[in-house]
Amino acid sequence: MSEIIEVNQLSKKFKIKKNTSSIKNIFKPEYKTITAVDKISFNIKKGERVAFIGPNGAGKSTTIKMLSSILYPTSGSALVKGLVPWDNRQKLAYHIGTVFGQRSQLWYNLPIQDSFALMGKIYNIDEIPFKRRLAKLVKLFEIRDLLTHPTRSLSLGQRMRCEIVASLLHKPQILFLDEPTIGLDVTAKEIIRNLIRKQALEEDTTLLLTSHDTDDMEKVCERVIIINKGKIIFDNSITALRDSYLNKKYIEITTDSGEKIRKEINTDKTSAKQAIDELVQKYHVTDLTIENPPMEEIIKEIYARD
């Protein structure tokens with residue numbers, strides 16, 4: 001596999017106004033510099049599915065925006081499909097797809113099918129290939145019943161499925177996903193993760209997925225890069241991370257009386273199945289969830305071991 005994304009010592013700094021209430025600051029404001037991304041380097045091969053994760057404010061979205069040509073870096077270099085993103089925005093657009101969980105690329109008041117048709121025109125897709133491509137994606141993402149609905153009427157989970165279809169219409173080789181499951185309920189998250197993974201495997205699409213949810217990483221990707229305070233602190237396979245740092249699970253049950261009980265288990269000593277069996281025998285369980293430790297906890301563990 002050849003390298004399709006190359007990042008070398010990439011940095012991004014922002015100048016922001018200091019929050020002071022003095023009269024002097026009104027006429028002559030003071031600024032401070034924030035380093036969002038701090039000299040990071042990594043390469044991604046064609047077809048790799050990479051999770052780019054970390055807590056809020058770690059530098060995930062800023063990196064994605066530089067690689068997808070939305071932001072200019074302060075220093076360093078990057079190549080995406082052999083192109084410098086910020087110098088080749090138009091050319092790069094035909095090779096990449098982007099999904100931002102908190103920003104829609106669909107027209108708010110238009111039916112979904114009209115938004116798709118407009119995007120087909122933007123990417124200069126001929127009518128017959130466009131119809132074939134759309135039919136395939138509509139079937140895969142199960143959105144046929146949504147096509148005549150305006151974007152504003154969709155639930156968040158429905159909209160995210162349509163957003164991903166929109167990003168895939170021109171058959172990009174690279175898909176940047178920035179928090180695609182943010183705000184979704186457990187069921188909707190699982191649907192989105194399965195669809196993303198299935199599509200990427202079918203078309204050998206390169207994925208770079210940002211998230212602060214470790215379940216996104218485990219269900220979709222094969223490699224994980226963890227960033228914190230603008231610096232990369234871990235870059236290895238999902239298996240290596242799981243073996244080293246994901247040996248803790250949290251199981252929460254809801255009983256028939258409405259009581260919530262949360263239990264922490266060490267999977268090196270007790271399997272999740274064994275722990276669940278014990279809870280089911282002891283309580284009348286009406287609901288159950290299993291969670292990985294939060295990202296902040298994993299990062300603390302990585303720092304502690306280093």
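Just so you know, these numbers use all the heavy atoms, side chains as well, and skip hydrogens, waters and symmetry mates.
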Using a cut-off of 6.0 Å, state whether more than 12 heavy atoms not belonging to E202 lie near its atom CD. yes
Evaluate whether atom NZ of K13 has more than 12 neighbouring non-hydrogen atoms of other residues, nucleotides or ligands under 6.0 angstrom away. no
Using a strict 4.0 Å threshold on nitrogen-to-oxygen distance, state whether [X] and [Y] make a salt bridge.
X: R223; Y: D235; value: yes
X: K219; Y: E190; value: yes
X: D204; Y: K46; value: yes
X: D213; Y: K189; value: yes
X: E264; Y: K269; value: no
X: D216; Y: R193; value: yes
X: K273; Y: D277; value: yes
X: E278; Y: K263; value: yes
X: K248; Y: E301; value: no

Please list all pairs meeting salt bridge (Lys or Arg N to Asp or Glu O under 4.0 Å) that have one or both residues in residues 120-136, counting only residues at least two apart or in different chains. E127-K131, R133-E203, K136-E203
State yes or no: do [X] and [Y] share one hydrophobic cluster built from I, L, V, M, F, W and Y residues joined by side-chain heavy-atom distances below 4.5 Å, directly or via other members?
X: I232; Y: L79; answer: yes
X: L147; Y: I164; answer: yes
X: I53; Y: L207; answer: no
X: V224; Y: I227; answer: no
X: M160; Y: I64; answer: no

Should L106 and C162 count as side-chain neighbours, where that means a heavy-atom distance under 4.5 Å? yes
Verdict with supporting geometry, E222 and R197, salt bridge (charged side-chain N to carboxylate O under 4.0 Å, His left out): CA-CA 10 Å; E222 57 194 344; R197 187 175 188 278; over 6 Å; no
Nearest-0.5 Å distance that lies between atom [atom1] in [X] and atom [atom2] in [Y]:
X: L67; Y: F176; atom1: CG; atom2: CZ; answer: 5.0 Å
X: I4; Y: L208; atom1: CD1; atom2: CG; answer: 11.5 Å
X: L134; Y: L168; atom1: CG; atom2: CG; answer: 11.5 Å
X: R159; Y: S153; atom1: CZ; atom2: OG; answer: 12.0 Å
X: E163; Y: I192; atom1: CD; atom2: CD1; answer: 10.0 Å
X: I16; Y: I34; atom1: CD1; atom2: CD1; answer: 4.0 Å

Keeping the roles fixed (side chain from [X], backbone from [Y]), state whether a donor-acceptor pair exists under 3.5 Å.
X: T255; Y: E259; result: yes
X: H170; Y: N124; result: no
X: K60; Y: G54; result: yes
X: S271; Y: Q274; result: yes

Determine, step by step, whether N43 and E3 satisfy the side chain to side chain donor-acceptor pair (under 3.5 Å) criterion, reporting the C-alpha distance in whole Å, the side-chain angles of both residues, the deciding distance to 0.1 Å, and the verdict. CA-CA 6 Å; N43 293 336; E3 290 169 343; 3.2 Å; yes
When the side chains of residues 137-146 are checked against the rest of the protein, which donor-acceptor pairs come out under 3.5 Å, sequence neighbours left out?
none

According to the interplanar angle, ranging from 0 to 90°, do the rings of F42 and F52 count as parallel (below 30°), tilted (30 to 60°) or perpendicular (above 60°)? tilted
Could you pull out the closest heavy-atom pair between [X] and [Y], with the gap in Å?
X: I265; Y: A272; value: CD1-CA, 3.7 Å
X: D38; Y: S11; value: C-OG, 3.8 Å
X: C221; Y: R49; value: CB-O, 3.2 Å
X: I5; Y: V7; value: CG2-CG2, 4.0 Å
X: S68; Y: F100; value: OG-CZ, 4.3 Å

Does a donor on one side chain and an acceptor on the other come within less than 3.5 Å for [X] and [Y]?
X: K260; Y: T254; result: yes
X: N228; Y: Y303; result: yes
X: N292; Y: Y250; result: no

Among N236, T214, L241, which residue meets the side-chain contact (heavy atoms from CB on, under 4.5 Å) test with I226? L241
Yes or no on salt bridge (charged side-chain N to carboxylate O under 4.0 Å, His left out) for K65 and D178, after CA distance, side-chain angles and deciding distance? CA-CA 9 Å; K65 287 174 181 175; D178 188 23; 5.6 Å; no
I would like to know whether Y283 and D256 meet side chain to side chain donor-acceptor pair (under 3.5 Å); could you show each step before the answer? CA-CA 8 Å; Y283 302 97; D256 55 358; over 6 Å; no
